[in-house]
Protein chains: 2
Amino acid sequence: MARSTNARRPATLASLAAELGVSRTTVSNAYNRPDQLSPELRRRVLETARRLGYPGPDPVARSLRTRKAGAVGLLLTENLSYAFRDPAAVGFLEGLALACEDAGQGLLLVPASPEREDVAAVHRAGVDGFVVYSVPDDDPHLAAVLERPVPTVVCDQPELETVDRVGIDDRSAITGLARHLIELGHHRIGVVCMRLGRDRNDDFVTLERQRSAHFHVQRTRLAALADAFAGVGVDWATVPVVERFDHTTASGESAAAQVLDRDPEITALICTSDILALGALTEAGRRGLRVPQDLTVTGFDGIPEADRAGLTTVRQPVLEKGRAAGRLLLDNAEHGRPRKVTLDTELIAGRTSGAPRAAAQIWYGP
Amino acid sequence: MARSTNARRPATLASLAAELGVSRTTVSNAYNRPDQLSPELRRRVLETARRLGYPGPDPVARSLRTRKAGAVGLLLTENLSYAFRDPAAVGFLEGLALACEDAGQGLLLVPASPEREDVAAVHRAGVDGFVVYSVPDDDPHLAAVLERPVPTVVCDQPELETVDRVGIDDRSAITGLARHLIELGHHRIGVVCMRLGRDRNDDFVTLERQRSAHFHVQRTRLAALADAFAGVGVDWATVPVVERFDHTTASGESAAAQVLDRDPEITALICTSDILALGALTEAGRRGLRVPQDLTVTGFDGIPEADRAGLTTVRQPVLEKGRAAGRLLLDNAEHGRPRKVTLDTELIAGRTSGAPRAAAQIWYGP
DNA sequence: TGTAGGGACCGTAACGTTTCAGAACCAGTT
DNA sequence: AACTGGTTCTGAAACGTTACGGTCCCTACA
């Protein structure tokens, strides 16, 4: 008797059942399987619930019992703001969120801060699976995810043995771009790339660092560029490659400046993202360089801003990438373990690429 | 004996303890309170865990016991894509995500699809609190959130009795904008606003619909505009107000066209968001209207694109709004129930507002 | 009148963890 | 020899739910 009145503790399924004089199962059924009990009793259960302030079955307890969390975890790159500032990342997020919504699943952004090596957040995440987007391959959070016994899809990541993967063919995509520039006659080039590891190196990149880059996408693109230009006789070791930790247009500006200071004779500046390329365009303008007459600038991603600027770039279907990742994860099909989805890319020859200026072309002489 | 070998069931804290011949508590402590057991035993526990493939304490079971989910739920407007296409919404999201990350909390996007009246998703969300961003005040999802016994913060929402609120002073913000236009001499105006309810009405808006709009922000802004212009003798009933369900620049274009078709004599077009205003600028250009000589166009939000376009608008600190919402929710302070945070806004007088063309000004004649 | 069938409800056993109050032990102090 | 204080570990009780395999009773049909 002290029980019912004294009950300042929040109502529970059991207390409701006790109050009603029915079993817990019946109360549970009132919420989850209305067809399992008479409408009249159900009405009484729901009404009593309202009266006692019972808010319905506890989601966590339900998850424990059913072994379903109803959510997908998203682990993304170290800097959270990056993800929301880069239109390509936002597009990915949108696609993933749409796929989750279609499946009625939540999307949990896992707080994987870079400073705090807080792998615990990965352990704490109550999710049925993970999507890992563009993290360095030596990230401890990634390792923690792989230890969790849930399905995982990685994006823009090297192939892992145990998990599904979605991405593009970075090598062929950027090779197409390189070929475009080579056909235009460029052979003296510079490169601006995103960060290659978890350490900050806002400077030139050694060949060794290029080779051992921990961001798969950047590593692949640089290697493919090196191969492509080596194929036409360019000594890659002489090509200035500059790295930027922060992924902003300001970084693109300063990186372009650094490359142009090192070698003012370059005729083309290849950037591994549109954001960086847009910054490079600004820097070119600041120096009075006409694009593309004096300098060709290219990007990568195909974000709307790039389109508006007429940037020569490689378009990748970012939204589709997110959606594919979500679908892959949520597809209950008995999948023959590691599935791969590779999406198509498209070379966009914009207004920022053209033949190199005459002086440089002479090199190829008559 | 059949037990240990036959155990194809995944390892659990209990099975680990049994294997080691220690209590569950000790295994638990090995993970959560390393100081509570000898280093040697801890090492043995962890090693055995690895050997048995025990992935560490189950997050859901832990949540059930500790009554902490370690995540915040975000309920946002009906169309998910909207949230990722509108820079203002993305900014909010970024701020919120940052606040969550600071607190080591996850951020769960609740799949509240508009079609499916799937309130169940709200019930299923294992979170310690909710942030509700810009949903109509009659949204069933909002009602479901309010029934959950967890703290909640609403954004851009009318004040609710039981929950915290963060937002701006929409009335005074847009009144400042109206005053700016009035001072310039505008009295014949048109308005383009975002959707006012859950139903689609891509058309003119009756006074009644304006009054009963379910989106608090839009309702407030329209009412404030009406008051401001009524104050200088404008009969608000004659002011064309056009609504658009989709929040895109294309909507802005067509809405502007609709207003200008109805009344080509207007000298100013007030849009309740920058996205709509940017579309309106496009439409104005298409009609050969010079801005601001022939037509003044204003927006709201202060997104980067608006800045680039020199749009006259009201800047609101979207990132701060998200961050404030997160902080409010995660602040464990014993808060005297409903707390309010109202952020400052700033009128940005850009290049898209100016004095009305001569013909219209005559109305004020000497 | 016996019985098959089905609707309505129930009891018990998990689900895997953390928490709390102690027990056991050991070394050092009085 | 009794006490103190600390470290290390334990046992049992939650946390709130759903799954499983029933039981019971009522109706309809042969």
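No experiment lies behind these values; they were computed from the predicted model shown. Below, chains carry the letters A, B, ... as their sequence lines are ordered, and counting in each starts from 1.
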Under 3.5 Å, is there a donor-acceptor pair linking the side chains of B/Ser15 and B/Thr12? no
Whether [X] contacts [N] is assessed here as follows: a side-chain N or O lying under 4.0 Å from the phosphate OP1 or OP2. Is that the case?
X       : N      : result
A/Arg67 : D/dT18 : no
A/Thr66 : D/dA19 : no
A/Arg42 : C/dA8  : no
A/Tyr31 : D/dG16 : no
B/Asn32 : C/dT18 : yes
A/Thr26 : C/dC10 : yes
B/Arg33 : C/dT19 : yes

Value in whole Å for how far the [atom2] atom of [N] lies from [atom1] of [X]:
X       : N      : atom1 : atom2 : result
A/Glu40 : C/dC9  : CD    : C1'   : 15 Å
B/Arg62 : D/dT17 : CZ    : P     : 21 Å
B/Gln36 : C/dA21 : CD    : C1'   : 13 Å
A/Asn29 : C/dA8  : CG    : P     : 11 Å
A/Leu20 : C/dA8  : CG    : C1'   : 15 Å

Contact nearer the 5' end of DNA chain D, comparing A/Ser28 with B/Leu41: B/Leu41
Should [X] and [Y] count as an ion pair when the cut-off is N to O under 4.0 Å?
X        : Y        : result
B/Arg67  : A/Asp58  : yes
B/Arg43  : B/Glu40  : yes
A/Arg323 : A/Glu320 : yes

Just call it for [X]: base, sugar-phosphate, or nothing, with non-hydrogen atoms closer than 4.0 Å on any strand.
X       : result
B/Leu13 : base
B/Leu37 : sugar-phosphate
A/Val22 : sugar-phosphate

By nearest-nucleotide position on DNA chain C, the 5'-leaning member of A/Thr25 and A/Pro39 is A/Pro39
For the side chain of A/Arg24 and the backbone of A/Ala17, is there at least one donor-acceptor N/O pair under 3.5 Å apart? no
Selection from [options] that lies nearest to any side-chain heavy atom of [X]:
X       : options                : value
A/Ser38 : D/dG16, C/dA8, C/dT17  : C/dA8
A/Arg65 : C/dA13, C/dT17, C/dC9  : C/dA13
A/Arg24 : C/dT17, C/dC10, D/dT17 : D/dT17

